[in-house]
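Written below as structure tokens is the structure these notes are about.
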Amino acid sequence: MILALDIGNTNVVLGCIADGKILFTERMATDSGKTELDYAISLKMVLELREIKVSEITGAIIGAVLGAWFLTQIDSVLVLLRIPAWWND
């Protein structure tokens, strides 16, 4: 299963993809005041609400329009949750 994150100026849109199907999409507000832990908790709560275990996620795709400071926070979340990610900037 792949975790997809689209980081925008207003929202972070996230979802999971498995076997070529989109399982869900959700939105979280983009907030430069949130810490890595805040985002980790929010992301983990969304996954739990959707009954998806972090261990089921094998990778992540991340797209962003924001600066490196925000990418660093999202990268920290992925590291915290032990989800490998591939960056293309």
Side-chain angles (χ1 to χ4, degrees):
M1 183 181 314
I2 303 296
L3 173 67
L5 295 164
D6 179 14
I7 305 165
N9 291 319
T10 306
N11 291 298
V12 177
V13 181
L14 63 113
C16 282
I17 305 160
D19 299 322
K21 294 185 180 184
I22 298 171
L23 303 179
F24 76 89
T25 60
E26 294 288 349
R27 292 182 183 274
M28 298 188 305
T30 301
D31 183 350
S32 63
K34 285 187 176 181
T35 66
E36 291 87 347
L37 182 57
D38 293 329
Y39 278 106
I41 290 168
S42 295
L43 179 56
K44 192 161 182 169
M45 287 176 61
V46 168
L47 295 174
E48 286 177 5
L49 287 169
R50 293 301 188 147
E51 298 179 352
I52 294 174
K53 296 177 184 174
V54 173
S55 61
E56 296 177 290
I57 298 173
T58 57
I61 300 170
I62 302 169
V65 297
L66 297 174
W69 63 270
F70 198 80
L71 292 176
T72 299
Q73 289 194 0
I74 293 298
D75 185 47
S76 297
V77 169
L78 298 175
V79 169
L80 179 66
L81 297 177
R82 296 180 182 90
I83 301 170
W86 177 75
W87 290 98
N88 182 18
D89 56 1

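Residues: numbered from 1 along the sequence shown.
Applying the side chain to side chain contact (heavy atoms under 4.5 Å, CB included) criterion to A18, with sequence neighbours excluded, gives M1, L23. With sequence neighbours left out, T35 forms a side chain to side chain contact (heavy atoms under 4.5 Å, CB included) with L37, D38.
When every heavy atom of L3 is checked against every heavy atom of C16, the shortest pair comes out as CD1-SG, 4.1 Å. Heavy-atom minimum distance, S42 versus M28: CB-SD, 3.5 Å.
Listed by first then second residue, pairs satisfying ring pair (Phe, Tyr, Trp, His ring centres under 6.0 Å) with a partner in residues 10-42 read Y39-F70, not counting sequence neighbours. The ring pair (Phe, Tyr, Trp, His ring centres under 6.0 Å) analysis of residues 42-64, with sequence neighbours excluded, yields no pairs.
Counting only distance, with no hydrogens or angles, the side chain of N11 and the backbone of V13 share no donor-acceptor pair below 3.5 Å. Here the side chain of T30 pairs a donor or acceptor atom with the backbone of G8 at under 3.5 angstrom.
A heavy-atom distance below 4.5 Å is not found between the side chains of L14 and T25.
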Acceptor/donor pairs from residues 44-56 side chains to any protein atom, 3.5 angstrom cut, sequence neighbours excluded:
{"unit_1": "R50", "atom_1": "NE", "unit_2": "E26", "atom_2": "OE2", "d": "3.1"}
{"unit_1": "R50", "atom_1": "NH2", "unit_2": "E26", "atom_2": "OE2", "d": "2.5"}
{"unit_1": "E56", "atom_1": "OE1", "unit_2": "K53", "atom_2": "N", "d": "2.7"}

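The distance from atom CD1 of I2 to atom OG1 of T58, rounded to the nearest 0.5 Å, is 4.0 Å. Distance check: I61 CD1 to D6 CG gives 11.5 Å after rounding to the nearest 0.5 Å.
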